[in-house]
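Here the structure is laid out as C-alpha cells; the discussion comes afterwards.
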Amino acid sequence: MDSPTIGQPPPLIHVAIVEDDLGFSRALAEAIASAQDIRLAGTAGTRAEGLSLLQGEPTDVLLVDLGLPDGSGIDVIKAAVRLWPSCSVMVSTNFGDEVHVIRSIEAGASGYLLKDSTPARIVDEIRSVASGGSPISPIIARQVLARFRQIKTGDAARTTAPEETQLLLSAREKEVLELITKGFTANEIAKLMSLSPFTVRSFVRRIYSKLNVTSKAEAIYEARNQGILDG
C-alpha cells in the first residue's frame with residue numbers, strides 16, 4: 001500500500017480473510033464493505049483454501065484465524081510470509097494462550113487480536129497494520145510483556161555470540177538498514193531496490209522487531225552495537 005499524498009484520498013487496502021466462522025466472517029465482510037478505503041479481495045474457510053488463496057495476487061493485509069477445521073492457521077501465516085512477502089498478516093482468533101501467541105509471532109504475524117474485538121475495531125486495526133503498525137489485544141500484550149520479562153530475567157547472564165547477531169537480519173533486511181543509515185527515505189529505498197514502498201516498510205518493521213527497537217535511530221545504534229553494521 002503506497003503512502004497517500006496531500007489532497008489525495010488514501011490508497012485502497014486490499015484484504016483477504018481466512019476464517020471458518022461463517023457468522024464472524026460475514027460480520028467482518030460487512031464491516032469492510034462499509035469502509036471506503038478497504039476492499040475485500042478474497043476469503044477462505046479452511047487451511048487448504050487459505051494456502052490456495054496464496055497462489056493468487058497478493059493483498060496488503062491477510063487476516064487469519066488459527067483454529068481452522070483442517071489444520072492450523074499458523075501454516076497459512078508461514079506460507080504467506082514466503083509467498084506474499086509484502087503482505088502484513090494479522091491473527092484474529094479465540095486462542096489467547098502464550099503458545100499460540102508466540103508461535104504466531106515467530107511465524108511472521110504482525111498483529112494478534114482476539115475475537116472479542118468487534119468487527120469495527122478489527123477494520124480499524126487493518127488500517128493500522130497496513131500502515132506498519134502491530135495491533136495487539138490488551139490481554140495478549142500483557143502476556144507478551146510477561147514473557148519478555150521472563151526472558152530478560154532468565155537470560156541476563158547469557159551473551160549473544162557475534163555469529164548469531166550477524167544472522168539476525170537477512171541480506172535484504174541488512175541492505176535496507178544500510179540505506180536507512182545513509183539517510184535514504186522509504187520511497188527512495190524502494191526505487192533503489194526496485195521494490196514497492198509498502199515492501200520496504202515491511203522490511204523496516206521486521207528489522208525493528210528483530211532488533212527490538214521502535215525507531216530508526218535505535219535500529220542504527222543497536223545494529224552497530226551488535227556488529228551487524230560497521231562503524
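Atom set for the values below is all heavy atoms of this structure, side chains included, hydrogens, waters and symmetry mates excluded.
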Review point. Which value, rounded to the nearest 0.5 Å, describes the distance between K174 atom NZ and L177 atom CG?
Key: 9.0 Å
Revision key, fill the gap. Here the gap from E173 atom CD to S209 atom OG, rounded to the nearest 0.5 Å, amounts to 9.5 Å
Review point. Roughly how far, to the nearest 0.5 Å, is CD1 of I38 from CD of Q36?
Key: 11.0 Å
Check your understanding: Quick one: does L63's side chain get under 4.5 Å of V89's, heavy atoms only?
Key -> no
Exercise for review: Answer yes or no: is there a donor N or O on one side and an acceptor on the other, between the side chain of S202 and the main chain of F198, under 3.5 Å?
Suggested key: yes
Side-chain atoms of residues 13-20: list all donor-acceptor pairs with protein atoms under 3.5 Å, sequence neighbours left out, distances to 0.1 Å.
unit_1 : atom_1 : unit_2 : atom_2 : d
E19    : OE1    : K115   : NZ     : 3.1
E19    : OE2    : D21    : N      : 2.8
E19    : OE2    : K115   : NZ     : 2.8

Check your understanding: Do the side chains of L195 and R172 get nearer than 4.5 Å, heavy atoms only?
Key -> yes
Check your understanding: Judged by atom type as modelled, is there a donor-acceptor pair below 3.5 Å linking the side chain of S134 to the main-chain atoms of S110?
Key -> yes
Check your understanding: If you measure from CG on D60 to CD1 on I126, what distance do you get to the nearest 0.5 Å?
Key -> 11.0 Å
Check your understanding: Looking at side-chain heavy atoms only, is the closest gap between Y112 and H100 below 4.5 Å?
Key -> yes
Check your understanding: Would you say L179 and E188 make side-chain contact, with heavy atoms under 4.5 Å?
Key -> no
Review point. Does a side chain donor of either S196 or T199 reach within less than 3.5 Å of an acceptor in the other side chain?
Key: yes
Check your understanding: Below 4.5 Å, heavy atoms only, C-beta onward: do L113 and M90 meet side chain to side chain?
Key -> yes
Point to revise | Side chain T59, main chain V61, donor-acceptor under 3.5 Å | key: yes
Practice item. Please lay out, stage by stage, how R205 and S88 fare under the test side chain to side chain donor-acceptor pair (under 3.5 Å). Key: CA-CA 10 Å; R205 189 166 55 249; S88 295; 2.6 Å; yes
Check your understanding: Would you find a donor on one side and an acceptor on the other, under 3.5 Å apart, between the side chain of E175 and the backbone of A171?
Key -> no
Review point. Does a salt bridge link D124 with R127, judged by any charged N lying under 4.0 Å from a carboxylate O?
Key: yes
Practice item. Walk me through it: do I228 and L211 pass the test side-chain contact (heavy atoms from CB on, under 4.5 Å)? Key: CA-CA 10 Å; I228 297 172; L211 296 179; 3.8 Å; yes
**Study point:** Note, V200 side chain near I189 side chain (heavy atom, < 4.5 Å)
**Key:** yes
Check your understanding: Side chains of S86 and R201: is there a donor and an acceptor less than 3.5 Å apart?
Key -> no
Check your understanding: For the atom pair CG (L54) and CG (L62), what is the distance rounded to the nearest 0.5 Å?
Key -> 6.0 Å
Exercise for review: Side-chain contact test, heavy atoms from C-beta onward, threshold under 4.5 Å: evaluate it for I77 versus L66 and give yes or no.
Suggested key: yes
Check your understanding: Is there side-chain contact between S92 and F24, with heavy atoms separated by less than 4.5 Å?
Key -> yes
Review point. Quick check: does any side chain N or O of N94 sit under 3.5 Å from a backbone N or O of L114, one acting as donor and the other as acceptor?
Key: no
**Study point:** P69 versus T46, closest heavy-atom pair with distance
**Key:** CG-CG2, 3.9 Å
Study note, to complete from the structure: Between the NZ atom in K78 and the CG atom in L51, the distance rounded to the nearest 0.5 Å is 12.0 Å
Review point. Below 4.0 angstrom, N of the basic side chain to O of the carboxylate: do D75 and R47 qualify?
Key: yes
Review point. Which heavy atom of V81 sits nearest a heavy atom of G108, and at what distance?
Key: CG2-CA, 3.8 Å
Practice item. Identify whether the distance between the nearest side-chain nitrogen and carboxylate oxygen of R26 and E30 falls below 4.0 Å. Key: no
Exercise for review: Could you walk me through whether I32 and R39 pass the side-chain contact (heavy atoms from CB on, under 4.5 Å) test, one step at a time?
Suggested key: CA-CA 7 Å; I32 289 173; R39 291 290 181 273; 6.0 Å; no
